[in-house]
Structures are given as C-alpha cells and as structure tokens.
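Only one structure is covered here, and it is reproduced in the block below.
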There are 2 protein chains.
Amino acid sequence: MARHDDARTHVATATDELDARKAAILNAVVTEYIGSAQPVGSQHVVDAPGVNVSSATIRSEMAALEREGYLVQPHTSAGRVPTDRGYRFFVDHLGGTGTLDATGRQQVRRFFEQAHGEIEQMLERTSGLLADLTDCAALVVGPSHESATVRSLQVVGLGPRIGLVVVVLSDGAVRKATIELPDGADDEVLARSVACLAAAVVDTALRSLPAELEPAGDPVVDTVAAAALAGLRSLQGDETAEHVFVGGSSRMAAAFDAVETVRSVLTILEQQLVVVSLLRDVLDRGLSVAIGTEHGVEPLASCAVVVTPFSVDGEELGTIGLLGPTRMNYPQALAAAEAVGERLGRRLSEAGR
Amino acid sequence: MARHDDARTHVATATDELDARKAAILNAVVTEYIGSAQPVGSQHVVDAPGVNVSSATIRSEMAALEREGYLVQPHTSAGRVPTDRGYRFFVDHLGGTGTLDATGRQQVRRFFEQAHGEIEQMLERTSGLLADLTDCAALVVGPSHESATVRSLQVVGLGPRIGLVVVVLSDGAVRKATIELPDGADDEVLARSVACLAAAVVDTALRSLPAELEPAGDPVVDTVAAAALAGLRSLQGDETAEHVFVGGSSRMAAAFDAVETVRSVLTILEQQLVVVSLLRDVLDRGLSVAIGTEHGVEPLASCAVVVTPFSVDGEELGTIGLLGPTRMNYPQALAAAEAVGERLGRRLSEAGR
DNA sequence: GGTCAGCACTCGGTAGTATGGAGTGCTGAC
DNA sequence: GTCAGCACTCCATACTACCGAGTGCTGACC
C-alpha cells in the first residue's frame with residue numbers, strides 16, 4: 001500500500017505555484033495513486049516525506065489543491081485523484097530524471113550486450129525491452145533517412161521483363177523498387193544503365209533526384225535508366241512516412257479496465273502516421289512528457305506519453321516514446337527512456353551509420 | 001435480432017453425425033449466437049430454415065445436442081451456446097465457402113486497384129484490409145524465402161572500416177548485413193571480393209552457403225570476402241523466422257468483454273514466432289479453421305483461427321490468417337480470406353516474383 | 001493564525017431480499 | 001413423434017440496509 005519508496009525522495013521545495021507543503025502533499029498523492037490506482041485519502045499521505053501535519057490539515061490543503069485544479073474527487077467522500085495538471089506539476093518538479101532500478105539496469109545491460117543484427121531488428125527489439133521495463137506500450141522511431149544520400153545503386157534482372165532497383169543510402173539503409181524492363185535488357189544493358197544513372201544520382205538525396213537524365217545514346221539503356229529513376233522516385237514517399245516499431249501494446253489492456261478505452265487506444269497505435277506525428281509534435285513543443293489532453297489526440301485523453309530523442313552520430317534523431325495511462329510511473333518511464341535511448345544511440349553510432 | 005440471412009441458406013442435410021433437423025437447429029443456434037453473442041433459446045430458432053417444428057420439440061432436440069456435446073447451457077434456464085464442437089460441425093457443413101457481400105467485394109477490388117509498392121508494404125496493407133472486412137485480427141505471412149537463391153551480391157563501403165553486404169534473392173527479396181572491413185579495403189578491393197564471393201554463392205540458397213572460399217591470392221580481398229560470407233551466413237536465421245504482419249489487433253478488444261482475455265490474446269499476437277507456427281501448424285494439419293482448443297495455444301482457447309494459404313507463381317506459399325473469438329462470423333471470414341488470398345497471390349505473381 | 005482532535009455527514013460498495021421474465025424439462029393429449 | 005400447457009429454475013434488475021472510508025467544519029490549543 002505504502003509506495004513512498006517509489007517516489008523520488010526529493011522533499012518538495014517551495015515554488016512559484018505551490019508552497020512546499022502543498023507540493024509535498026501533491027507529490028505524495030500522485031505517487032500513491034500511481035501505485036494503487038485508488039483515490040488517495042488524507043490518511044494515506046500523513047507520513048509522506050515533507051508532510052509533517054495531521055490528516056485534518058492535509059484535508060484542508062487538499063481542498064485547496066482541488067480548488068486550484070491539481071486534484072479531483074471522483075465523488076464527495078472519496079479520496080483525491082490527480083488531474084492532468086496535478087501530474088504535470090509532479091513531472092515538472094521531479095528532482096532530476098532519477099535512475100533505473102538495479103534489475104532494470106541489468107536488463108538493459110544484458111540486452112545491449114547480446115543485441116545484434118541490422119538496425120530495424122535492433123529497433124524492434126528495443127521496443128520490446130522498453131515495454132518490459134516500464135509496462136507501457138513502447139514506440140521506437142528510427143533515425144530519419146531524409147538527409148541521407150544515395151551511396152550505391154544496382155539494377156538486378158529478376159524475370160523476363162522485370163528488374164529490381166536496389167539502392168544503398170549513405171546511412172546504411174537499403175531500399176528497393178520493382179521496375180519493368182524493356183525487351184533486350186541484358187546484363188550488359190543493365191550495367192550501362194546503372195552507370196549512367198549512378199553518375200547522376202550518387203551522393204544526391206532521395207528527395208532531390210534529377211527530373212531527367214542525359215541520354216546515353218542507346219535507347220534501350222535510356223529506357224532502363226529512366227525506369228530505374230522512376231523507381232527511385234517512388235521511394236521518396238517512404239522516407240517521409242517513417243516506420244515506427246510498436247512494442248507491448250498488450251500492456252494497454254492491463255492499464256485500463258474499460259474495454260472501450262483499450263480498443264480506442266489500440267486503434268490509434270495501429271495508425272503509424274498518427275503515432276509518428278504525435279511523437280514529433282510533442283518533441284517540437286519541447287516537451288518530454290505529454291499528459292492527457294496536452295497532446296491533441298482525443299482518444300488518448302486518458303494516456304500520457306513520454307518522449308525522448310536519441311542521437312546517432314551526434315545529430316540525426318530517432319525517437320523513443322512510451323505510452324501509458326496518465327497514472328503511469330513517470331519517474332520510472334523517464335529513467336528507462338533516457339537510459340535506453342542513450343545506449344541505443346551509442347550502439348547505432350558505433351555500428352557505423 | 002434475426003440474422004438468418006447471414007447463414008448460408010443451405011438447408012441442412014442428413015449427415016453421419018446428425019440428422020437433418022438437428023443439423024438445422026445447430027446451424028440456426030450458431031448463426032444466431034454469432035450475431036447476438038447471447039445464449040439462444042428455443043424460441044429464437046423456431047422459424048429458422050429447415051426447422052419446421054415447435055419450440056417444445058426444438059427444446060428436446062437441443063437437450064440431445066447438449067448431451068452430444070454440441071451445445072452448452074451457461075446455466076439452467078438459459079439459452080444454449082455452441083461448444084467448440086458445435087462450431088466445428090457448423091464450419092464443416094457450410095455449403096461451399098460462400099462469397100463476400102457486395103460492399104466487401106467492392107472494398108477488395110478498390111484495394112487491389114490502387115495497391116502498389118513493394119511486397120512488404122502490400123502484405124502490411126492487406127492485413128489492414130482483412131481486418132476491416134472481417135472485424136478480426138488479420139495475420140499475413142509472406143511467401144517463404146527458404147528456397148530462394150542468391151541472385152546478386154554487392155558490398156558497399158559505408159564508413160572508414162564499415163561495409164554493407166547487400167544481397168538480392170531470386171524472389172526479389174533484399175537482405176543486408178553490416179560487416180567490418182580491414183584497412184586498405186578500397187573500392188577496387190571490394191569489387192574483387194564481391195567477384196570472388198559471387199562466383200561461389202550466386203544461385204545458391206542462403207541455407208546452403210559454402211563453409212569457406214577459395215583463396216583469391218590477395219589477403220585483403222580474402223578477408224573481405226570471408227567477412228561478407230559471414231555476413232550472409234548471419235542472414236540464414238532471418239529466413240527461418242518469417243515476418244508476419246498483424247493488422248487490426250484492436251478488434252480483439254471489441255470481441256471480448258473481459259480485459260484479461262484481451263490482454264492475453266494481444267500478448268500472443270506480439271510473439272511473431274508463436275503466431276507463425278500456429279498458422280503453419282494449422283495448415284500442416286490440413287485445416288482451414290481451428291476452433292478453441294483445436295490449436296494448442298492455451299491463451300487463445302476462446303479464439304478461432306481461419307487460415308488460407310495463397311500461392312504465388314503456382315507454388316511458393318504465403319499464408320493469411322484471421323483471428324477472432326470462437327463466435328466469429330465463419331462464413332464471412334472464410335470468404336474474405338479466400339477472396340483476398342486469391343487476389344493477393346495473383347497480384348504478387350504478376351509483380352514478377 | 002495555524003494546527004488538529006472530534007464529530008456529523010456523505011456516499012460508494014457490499015450484502016440481502018424481492019420480483020419479473022426468459023428459458024427450461026416434463027407430461028399428457030392428439 | 002409432435003406440441004400446448006405448466007411448473008420450475010435462475011439470472012437480471014431493483015430496492016433496501018448498512019458499513020466504512022473519507023470528507024468538511026468547528027472549536028480548543030499553542
């Protein structure tokens with residue numbers, strides 16, 4: 001029942017918004033509620049750190065906190081539950097990010113010791129790790145390929161008139177596009193087309209491909225090269241719509257007891273576009289946590305999102321997100337996201353892309 | 001309430017197991033229950049096709065069906081609910097697979113008219129389509145690459161000592177592996193290594209790669225080639241563990257009202273390995289539907305799976321699966337899976353792999 | 001003036017009881 | 001073999017009572 005050890009033991013200090021005691025009480029209510037999911041009564045707060053007053057005094061303070069919008073009562077004669085604003089205050093006044101607990105740290109270490117494989121696989125598995133650590137749904141968006149340039153290019157004949165353009169980007173990503181080949185496109189023609197196309201697109205970003213190519217003389221070669229260029233073009237869209245790896249969405253079922261809520265949250269999680277722009281939006285607003293209605297996605301009104309960017313090679317950005325109920329364990333989630341983000345970035349950097 | 005139109009209007013015929021009337025009653029109960037999710041009483045069955053008897057007679061038949069294990073009563077004085085065996089009979093005696101309804105057919109047609117992109121994207125989107133059509137979670141497993149051979153090979157330098165092996169398989173799949181390069185591995189060395197490696201592995205299946213390579217004379221070239229081969233080797237595992245695209249898992253939340261059930265089903269859906277082997281297992285047993293405990297996966301005891309293979313280029317197999325509650329709409333699910341599978345296979349075949 | 005013990009009050013949750021209705025199984029007549 | 005009629009079962013629903021966790025207020029104390 002008493003989960004005070006879970007709280008950052010930072011004794012609340014006076015702030016512009018709330019005096020020290022109110023802050024301490026609010027903190028206690030939030031931590032308690034995160035642990036128990038039950039409305040918190042004045043009695044349960046009485047021996048929280050920084051609160052050295054009787055339950056009567058706490059009650060009057062709680063009433064004040066309610067007037068100021070930090071707490072609500074589900075009904076008269078029930079304990080208090082934090083509002084979004086209450087959580088916001090709690091999150092904003094955490095003493096530093098805190099660290100992962102011992103078993104969590106160990107889990108992360110082990111994971112990165114034995115992790116291997118290509119970037120997509122790493123990201124996928126990382127989402128699982130994060131879900132395990134935090135009991136939230138985990139979102140991992142890989143580094144953007146937007147600024148990557150074409151590193152190498154190849155056209156492979158697959159069938160009688162079918163070819164595959166394979167392009168390697170400077171950041172190590174590989175893309176492919178199927179194209180139609182004209183008759184008479186033998187290996188030699190393919191090679192010449194590639195050479196012709198390569199001259200024009202290598203070291204170019206996918207989004208700034210040339211519109212046309214210098215004719216190479218041979219009409220068949222030109223046709224192939226044009227087809228391949230068109231193939232590359234069709235890849236531009238993919239880069240904008242980034243892939244997000246979602247792990248542990250089943251945890252959302254444990255977090256809510258209304259099936260309807262679960263359903264609507266899962267529906268959102270299935271829409272990659274929504275998820276990605278949610279994360280990006282939160283980041284753009286300079287937040288690392290968005291609570292309840294702070295992010296605009298209505299079906300997620302009872303959820304909070306923790307977002308952490310991770311940097312690969314200094315600059316390019318990937319994003320880690322954790323989605324849970326508003327009463328999620330913020331200190332834990334923040335610590336996990338940060339720790340994993342840091343190690344993931346490091347790992348991907350040293351893998352050389 | 002009356003959903004009899006949903007039922008294949010096939011009037012039950014006598015079988016080895018059940019006489020015509022019992023079969024008709026069982027069919028009516030199943031269809032009604034699929035529609036309403038409420039225990040079905042004798043009154044609700046009275047004007048179902050093939051049942052021209054009074055409710056009293058139906059009651060005695062129902063009692064018999066219960067003794068024989070096709071129905072159960074949640075409690076005395078409640079209607080009847082089909083057992084897994086009841087569903088099994090229903091499914092086994094559907095008159096042909098039936099067809100999709102008009103709007104469904106239109107949805108499928110539209111989808112395949114505007115569908116484009118590479119195979120993975122197609123499969124992903126197809127899972128969404130199937131979920132929309134059936135209100136089930138949809139599973140799509142792409143054609144196996146097991147028997148595909150190496151079609152083309154390339155090593156691209158990415159950083160000072162980092163390279164990427166890119167291999168195109170005969171079925172159009174592209175794989176990559178990061179490798180470490182020795183000092184002095186310039187473009188020319190890479191080209192020679194590729195040539196050396198290509199000679200040994202082109203037209204070979206990934207699972208039957210040679211253990212070693214003929215030395216080419218130059219130690220640097222040999223090192224690169226060996227590293228690249230090791231890279232290829234690391235891909236073997238990926239081929240066995242196939243990727244499955246899961247769409248519409250949120251529908252499972254609508255299907256059950258116990259959050260706990262939802263959670264455990266979702267947990268299974270997150271484990272690709274389990275899902276793939278479930279599908280494969282059902283197929284191997286020659287079934288197209290597995291109901292309740294028929295598949296061995298315990299947390300899915302209240303679920304049924306509809307499985308349809310789809311063939312690309314005659315032989316190679318992909319699989320479509322639909323996961324829903326045991327009271328899912330089997331005729332609809334079977335029709336949708338078949339229709340989509342057929343068109344998907346056709347589409348992937350003509351795309352040339 | 002802030003703190004707090006004491007107290008009256010509120011109200012959700014649980015348990016117990018009545019009632020209605022959907023559904024059953026059985027019986028006896030056709 | 002079929003089925004109208006009937007007694008019976010038992011889930012849902014509604015209502016009531018009651019307990020207890022929790023509140024707000026008051027008045028005394030430092």
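Chain identifiers are assigned alphabetically (A, B, ...) following the order of the sequence lines, protein sequences preceding nucleic acid strands; residue numbering begins at 1 within each chain.
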message: So B:S42, base contact, sugar-phosphate only, or nothing? Heavy-atom distance under 4.0 Å.
response: sugar-phosphate
Atom-to-atom span, CG of B:L71 to P of C:dG25 - whole angstrom: 11 Å
field: Under 3.5 Å on both distances, the Watson-Crick or G-U partner of C:dC30
entry: D:dG1
- prompt: Which nucleotide in the set D:dA4, D:dT23, C:dG25 lies at the smallest distance from any side-chain heavy atom of A:R59?
  reply: D:dT23
- line: In Watson-Crick or G-U wobble terms, with both distances under 3.5 Å, the base opposite D:dT13 is C:dA18
statement: Picking from D:dG22, C:dT3, D:dG24, the nucleotide nearest the side-chain atoms of A:R21 would be C:dT3
field: Options D:dC3, C:dA5, C:dG25, nucleotide nearest the side-chain atoms of B:V53
entry: D:dC3
Audit row: B:M328, B:R251, side-chain contact (heavy atoms from CB on, under 4.5 Å) steps and yes/no: CA-CA 12 Å; B:M328 74 190 268; B:R251 323 262 166 174; over 6 Å; no
field: side chain to side chain contact (heavy atoms under 4.5 Å, CB included), paired with A:L65, selected from A:V72, A:L71, A:T83
entry: A:L71
- prompt: If we only count heavy atoms from C-beta on, is the A:V45 to A:M62 side-chain gap below 4.5 Å?
  reply: yes
statement: Rounded to whole Å, the CE-P distance (B:M62 to C:dG25) equals 9 Å
message: Regarding B:Q73, tell me which of base, sugar-phosphate or nothing describes its non-hydrogen contacts under 4.0 Å with the strands shown.
response: sugar-phosphate
- prompt: Between A:T76 and D:dT23, is there a side-chain N or O to OP1/OP2 distance below 4.0 Å?
  reply: no
field: Of the listed nucleotides C:dC11, D:dC10, D:dA4, the one nearest the side chain of B:S77
entry: D:dC10
- prompt: Is it true that A:E294 and A:R285 make a salt bridge, defined as a side-chain N closer than 4.0 Å to a carboxylate O?
  reply: no
message: Which nucleotide wins on minimum distance to the side chain of B:S54, given the candidates C:dC4, D:dA4, D:dG24?
response: D:dA4
Interatomic distance, B:N52 CG vs D:dC3 P [rounded to whole Å]: 9 Å
field: Full working for side-chain contact (heavy atoms from CB on, under 4.5 Å) between A:V51 and A:V46
entry: CA-CA 7 Å; A:V51 188; A:V46 91; over 6 Å; no
- request: Output yes when at least one side-chain N/O atom of B:R80 is less than 4.0 Å from OP1 or OP2 of C:dT24, else no.
  value: yes
Rounded distance in Å - CD1 (A:I25) to P (C:dC4): 11 Å
- prompt: Nearest-Å distance, CD (A:E66) to P (D:dG24)?
  reply: 7 Å
- prompt: What's the CD-C1' distance between B:Q38 and C:dG23, to the nearest Å?
  reply: 13 Å
query: Starting at CD of A:E61 and ending at P of C:dG2, how long is that distance when rounded to a whole Å?
result: 10 Å
Geometric class of the A:Y87/A:Y33 ring pair [parallel <30°, tilted 30-60°, perpendicular >60°]: tilted
- prompt: Considering only side-chain heavy atoms of B:H75, which listed nucleotide, D:dG24, C:dG25, D:dC11, is closest?
  reply: D:dC11
- prompt: To the side chain of B:T57, which of D:dT2, C:dT24, C:dC11 is closest?
  reply: D:dT2
- prompt: What is the distance from OH of A:Y33 to P of D:dG22, rounded to the nearest Å?
  reply: 14 Å
